[in-house]
Structures are given as structure tokens and as C-alpha cells.
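The next block holds one structure in the form of C-alpha cells; read it before the comments.
Proteins get letters first, then strands, A, B, ... in listed order; numbering begins at 1 in each. All values below were derived from every heavy atom in this structure, side-chain atoms included, with hydrogens, water molecules and symmetry-related copies excluded.
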Amino acid sequence: MTNLEIAELLRAVAAAYQLTAPASASRKRGGRENADKNKFKIIAYQRAADAVEHASSELKDLWDDKKLEEVPGIGKSIAEHLDELFRTGKSKHFEEVMEGLPPSMFDLMKVPGVGAKTGYKLAKELGIKSLGELEKAAKTGKIKGIPNILKSIEETKGRTRRLLLPYASQIADSLVEWLKTEPSVKEAVALGSLRRKAATVGDIDIAVATNNPQKVMEHFTKYPKAQRVLEKGEASASIIVPGDIQVDLMVQSPDSFGALLQHFTGSKHHNIALREYALKKGLSLSEYGIKELKSQNSKVIKFETEEKFYKFLGLDCIEPELREDIGEIEAALAHKLPHLVELKDIKADLQIHSDFDIETSHDLGVSSAEEVVGKANELGYEYIAFTEHNPSKSGHSEKQIVELLKKKREKIEKINYSRIQKVFNSLEIDIMPDGSLPVPEAGLELLDFALVSIHGSFKMPREQMTKRVLSALAHPKVKIFAHPTARKLNEREGVELNWPEIFDFCKSKSKWLEINSDPMRLDLPDTLVHEAVKFGVKLSMGTDAHHKDNMDFMQFGVSVARRGWAQKDDIVNCLSLSEFEEVIIK
DNA sequence: GCCGTTTTCGGCCCGACTGTTTTCAGTCG
């Protein structure tokens, strides 16, 4: 079972418990305790589900190593049920809790506005077995009490993809611009996962500072591209824009804007952890500010900036990219937050494809070597590497491959570059299913260093895949494992690898893991970057540009590095040219 | 059911919006 499947199961159990805590129970004597007990059990299961979904290792592997209980949110009881699940394929307890529940209720719960209780009612009382049937029932007016049910169903059907960062930014920018045309808007900022620079964004969150909330709400809901208004209250509103994308707005007075920035940037998990931390100090946090619980007249203390908000709590200000509740609060308290790498620290791009035709196995770049070098100069880089794909193995003899690579090397040696100091002759080489490299020794000798990557045979058992990769990485010319999981966002899951083994190999043999900055890859993923950094593995940044303008993607890779707690020292692209030349021959 | 720099017992984040059961439940972020 995958982590996602386990998370879904735990959420289903949580939903089942919600049904066993009827509202009426609280009115009966003794019912309150039972309802409350379930209430926290529900939260516990939901938290466990979240934790599993966000875990950086497969739960099955943790179970193999008897480390289930090390996942925060999984305790003795859930660990025992999961143990049974892994051993026998099912859990008696989970089955008991969910006994008699119509399976379709979980599908129905995917519709916004339908939770456990509504889902159960729809499935049980109206006998609705699918989204399609729900739609039919809604059209005939049988469904009451769920706002915009038809539209919500439609959006649920279409919503399988999350937004990639550049696209989400565009949408947010256009909305922020629109909001700023209203004079009472003092400030408008995009927050949420977009500000935290998560790899994909579910919906767009925007905060506005104003002294006239009503006017801002009116203006927001009149956004020309708005397809419909989901909600509109005094402090928040939501609209749908083309692409079935939800945009949430929250407003706050300028003197409390810091608290709103903090609240609305999230993540949810960070905020929950922060509020629990604050509670222990007798403080209650919200988007309005901070309340001291012990004082009777508990006035809300306001904050204009986030820095002041965190400082009041005794914490260093935490960069948005770190706010995921993975140790940042503890680090901020101990003044041990990492000094995160920045775009300006990057001195090189280590994966670029030019149009120089060496009859490659995969797509060639479209910009000439000269154009790429010009762009590198613009970006102020010290050095770059040309990393076209290897010539296809099927179409060439070994001798032909070496000839093509000779031509490429000669071409690179003749390049005239002005500001940039060095262009490395590299190659992105397929890792064949058996772990071999499709380039003969004589061809590899022509390279300064090589990248290797997986471009086929993605489905392979974990240990076999790990062996495959390590065998390719072992060649002395190979320095970089490029887009290591081979995932494509919204399209393809990553391959399965034994990461501790990969990390160990990379660290001891000084190989580097790439952070591929293409917004559709962002690979290594941030959680694995964090693991790698903790392990002491060095990282390499590349844009995988197939057009010179794609070299601007570096910002997205840097965001991934920052989300993985990477500092300058963790990234080889931050080395000066002379330092880099030393490490590539190590 | 989870968890521990107030606690191994007794707590558990906080507020907004909708619809409607006019004081709250359900859902969401």
C-alpha cells in the first residue's frame, strides 16, 4: 500500500468516527464525554492521515524497520492496526469501525461542502452511489442544503490537476493587480502555498490590508474573470476563476496585517503547531493577533509585520518556505534556523541542452550554444555545463557515438565567451534498465563530467531500481544523478528508490543529487532535499533548459532547495569556478 | 488516539461562512 492509500484509509476511519458521534448525544446525560472523546479521536486519525501523506519515506519501509511510531501522529494504537494491515492485508479494527458504511460516501466527500455526515446521508438515505448519481439527484432538486452543489460536482470531476508554480503566480499577479485598482486597498499579497513555494498550488490565497473591508469584498467579487462567487462574508470571500481555480481572499486592517500574513501563509500544520506552542505560554493566536489567556479583559495584541508577530512569541522569523511543521519552530526557538541559499548565490547552471545536434536519444535544445552563453552572461554566471542527451544507442554504433561526442567537444572548445569563465562539456546519459551507460568508454573520456538519469523502465522494484542507479553512478566520470525520482507533476509518480542507500553512496563517493528546476519536475522533491541535506549529501542545480529563456527556471529550483533547508554549502553551484574544478575530479 | 520544558493524565488551534434546526451544526482552510 502506498502512503496515499494509507492516508485515505485513515481519513475514512476518521469519517466513520464522525458518524458515531451524533449531535444529539451531547444533549443526553453522559453523551458529552463520549462525543468529546470521539472528537479528539477523529482529530488524531486526521492528523495521522496528514502525517502519512507528508512522510518522506514509504510507510511500508518504516514498518519494515519497526519505526512506525517515529512518525509524529502515529502512536501505539494506530501503529498496531497498521502492523496488522501490513502483515495480513487488513485491519480488524478499521473494518469494524467502518462496518456498514456505504463505500460511495467517500467518493461523495470529494465534493466541496460534503463532509462525513452529509456524505453518509446522501449515500445511505438517498442511495446515491457515485458522483454521476449525485449530479442527477441535484438536477432534479432532491439535494438540499449544499450550496452550489451542481457547480461543485462539476469542479470535482475536473479537478485532478494542481497548478504549477509559474502558472499559479500569473493568476495571482493578475488578481493582485486588479485588487490594487481599488483605492481602499493598502496592500495586496499572494500567500498560502504559493508564498511557501510549494511545488504545486491547489488554490490561490490573497490577503488585503484595508480600512474598508466591505468595499474590498465588493471589488474582489467583481473581478472581471470571476466565473462565480463561492462565498462572500465580512472578512473573507472566495471566487472561481477560469480553469476551475478557487481564489480565497481575506482582509484585515493595516495595523493587524502581520497577523493575517502569518495566518494565511500557513501551512495549516505550521499554524497548528505554532498555536499549540503559544498555548503553552498562555497565548492564543489568530489572524487578528495574539491574546493573553490569563488576563480577564484579554485584548488582542496587534502586529503590523510578521517579524514582530514571531518575535513576540520568542521566535526568530521563519522563512515562508520552512513553514511546514518539520522542526522549524523548534529551530526558531533555539535560534538555529538555517541560513537559506538564495538565487544570487548560484554561480552556475549545471543542466542545459543546446541545439548542437549529436543525434540524441531524447529531445534536443532549440537555442544555439552561443545564445545560451549570452543568457548565462546576462544571469551573471561564472560557469555552465552543456548536458545534451547522449546519442541514441539503437541508432548508432559505438564508433559513431564517439565521433559525435568528439564533434561536440570541438564545438565547445571553440566557443567564444566573454564574461562567463568556463563552459563544461557534459552529457545527460540514460541509465539503461540494467544500470549500464549507453556511451562507450572512449566517449566518456571526452567529457569533463556526466549526468545520469532515468528516462524509461520507471516501474521496477525498489531494490532493483536502487542497484540500477548505483551501478550507473559508480562510473568515475559520473558526478550528478539528474532529476532523481523522474517524477512529472500531475503526470507521473516518481520511481521507488532506497534513499538512505543512495544518500550513503553519494556522500561517500562524492556524487551529487540534482535539483531539477523545471517547474514540471522540481526533482529532487523538497522533502527528499531535506533528508539529503540532513544526511550531508551535496546538491547540484540545473534548469534542464531546452531554450535559453528556460534558464530563468533557476528560481524555482532555489525555492525547492530552500524548502529543503539547503544552505550555500550544500550546493555545488555556489562554489567558485576554481573550487568547482577541484570537486569534479574528486 | 496522541502526547509531554506546566502534564504519563488531561488536555487537544482558531475563526469564517452557509443554511437554517433562531443558537447551532457542518464544513473548510
Side-chain angles (χ1 to χ4, degrees), chain A residues 10 13-15 17-19 21-27 33 35-51 68-82 93-94 97 108-122 143-149 152 191-193 202-205 207 213 217 229-238 246-252 259-260 262-291 293-294 300 314 325 330 333-334:
Chain A
L10 292 172
V13 174
Y17 274 122
Q18 272 167 280
L19 300 171
S24 58
S26 60
R27 290 193 210 107
E33 285 87 337
D36 274 0
K37 203 178 143 201
N38 259 342
K39 182 177 156 197
F40 294 112
K41 204 187 283 190
I42 292 160
I43 292 171
Y45 268 95
Q46 285 168 340
R47 284 188 141 193
D50 282 348
L68 276 185
E69 283 188 63
E70 285 181 18
V71 178
I74 295 184
K76 193 161 174 280
S77 170
I78 294 183
E80 275 174 15
H81 300 319
L82 290 177
H93 176 70
F94 292 166
V97 176
L108 303 182
M109 283 171 65
K110 288 174 187 158
V111 177
V114 179
K117 298 193 177 182
T118 314
Y120 179 77
K121 263 194 214 162
L122 292 171
I143 314 267
K144 298 235 163 61
I146 308 167
N148 292 310
I149 177 82
S152 293
L191 304 174
S193 49
D203 52 24
I204 310 271
D205 300 312
M217 288 298 165
V229 177
L230 278 180
E231 282 179 0
K232 184 177 159 198
E234 287 170 19
S236 69
S238 301
Q246 182 169 335
V247 183
D248 298 332
L249 176 76
M250 289 183 87
V251 298
Q252 192 59 268
L260 181 59
Q262 196 289 315
H263 167 82
F264 213 16
T265 296
S267 67
K268 183 179 154 191
H269 296 105
H270 173 80
N271 284 354
I272 290 174
L274 196 65
R275 285 167 186 176
E276 283 172 346
Y277 160 80
L279 262 189
K280 289 179 194 153
K281 303 177 68 129
L283 301 169
S284 171
L285 313 183
S286 76
E287 60 266 47
Y288 296 96
I290 300 179
K291 255 190 298 196
L293 292 171
K294 57 175 178 237
V300 176
D325 188 25
E330 294 79 356
L333 186 62

Could you check which of [options] has an atom nearest any side-chain atom of [X]?
| X | options | result |
| --- | --- | --- |
| A:Y288 | B:dG1, B:dC17, B:dG15 | B:dG15 |
| A:E287 | B:dG29, B:dC2, B:dA16 | B:dA16 |
| A:Y45 | B:dC13, B:dC3, B:dG1 | B:dG1 |
| A:K291 | B:dG26, B:dG1, B:dG15 | B:dG15 |

What integer distance in Å separates [X]:[atom1] from [N]:[atom2]?
| X | N | atom1 | atom2 | result |
| --- | --- | --- | --- | --- |
| A:N38 | B:dC2 | CG | P | 14 Å |
| A:Q262 | B:dC13 | CD | P | 15 Å |
| A:I146 | B:dT27 | CD1 | P | 9 Å |
| A:E70 | B:dC2 | CD | P | 15 Å |
| A:I143 | B:dG19 | CD1 | P | 15 Å |
| A:L230 | B:dG29 | CG | P | 10 Å |
| A:E276 | B:dT5 | CD | P | 13 Å |
| A:K268 | B:dT27 | NZ | P | 14 Å |

Kindly say if [X] contacts the phosphate of [N], meaning a side-chain N or O under 4.0 Å from OP1 or OP2.
| X | N | answer |
| --- | --- | --- |
| A:S236 | B:dA16 | no |
| A:S286 | B:dC14 | no |
| A:T118 | B:dT27 | yes |
| A:H269 | B:dC13 | no |
| A:R275 | B:dG29 | no |

Between [N] and [M], how far is it from one [atom1] atom to the other, in whole Å?
| N | M | atom1 | result |
| --- | --- | --- | --- |
| B:dC17 | B:dC12 | P | 25 Å |
| B:dT21 | B:dC14 | P | 31 Å |
| B:dG1 | B:dT6 | C1' | 22 Å |
| B:dT23 | B:dT18 | C1' | 15 Å |
| B:dT22 | B:dG26 | P | 15 Å |
| B:dC2 | B:dT8 | C1' | 12 Å |
| B:dC3 | B:dC13 | C1' | 16 Å |

Q: Flag yes if more than 12 heavy atoms outside A:E234 fall under 6.0 Å of its CD atom; otherwise flag no.
A: no
Look up atom [atom1] in [X] and atom [atom2] in [Y], then write down how far apart they are to the nearest 0.5 Å.
| X | Y | atom1 | atom2 | value |
| --- | --- | --- | --- | --- |
| A:S152 | A:K110 | OG | NZ | 15.5 Å |
| A:M217 | A:E231 | CE | CD | 10.5 Å |
| A:K41 | A:I78 | NZ | CD1 | 10.0 Å |

**Q.** Chi angles and distances behind the side chain to side chain contact (heavy atoms under 4.5 Å, CB included) call for A:R47, A:I272
**A.** CA-CA 11 Å; A:R47 284 188 141 193; A:I272 290 174; 2.8 Å; yes
Q. Can you check salt bridge (Lys or Arg N to Asp or Glu O under 4.0 Å) on A:K280 and A:E276, steps first, answer last?
A. CA-CA 7 Å; A:K280 289 179 194 153; A:E276 283 172 346; over 6 Å; no
(Q) Need the pair for B:dT8. Rule: Watson-Crick or G-U wobble, both distances under 3.5 Å, any strand; none if unpaired. (A) none
Q. DNA chain B: A:G119 or A:K144, which has the more 5' nearest nucleotide?
A. A:K144
Q. Are the ring of A:F40 and the six-membered base ring of B:dC2 within the stacking cut-offs of under 5.5 Å and under 30°?
A. no
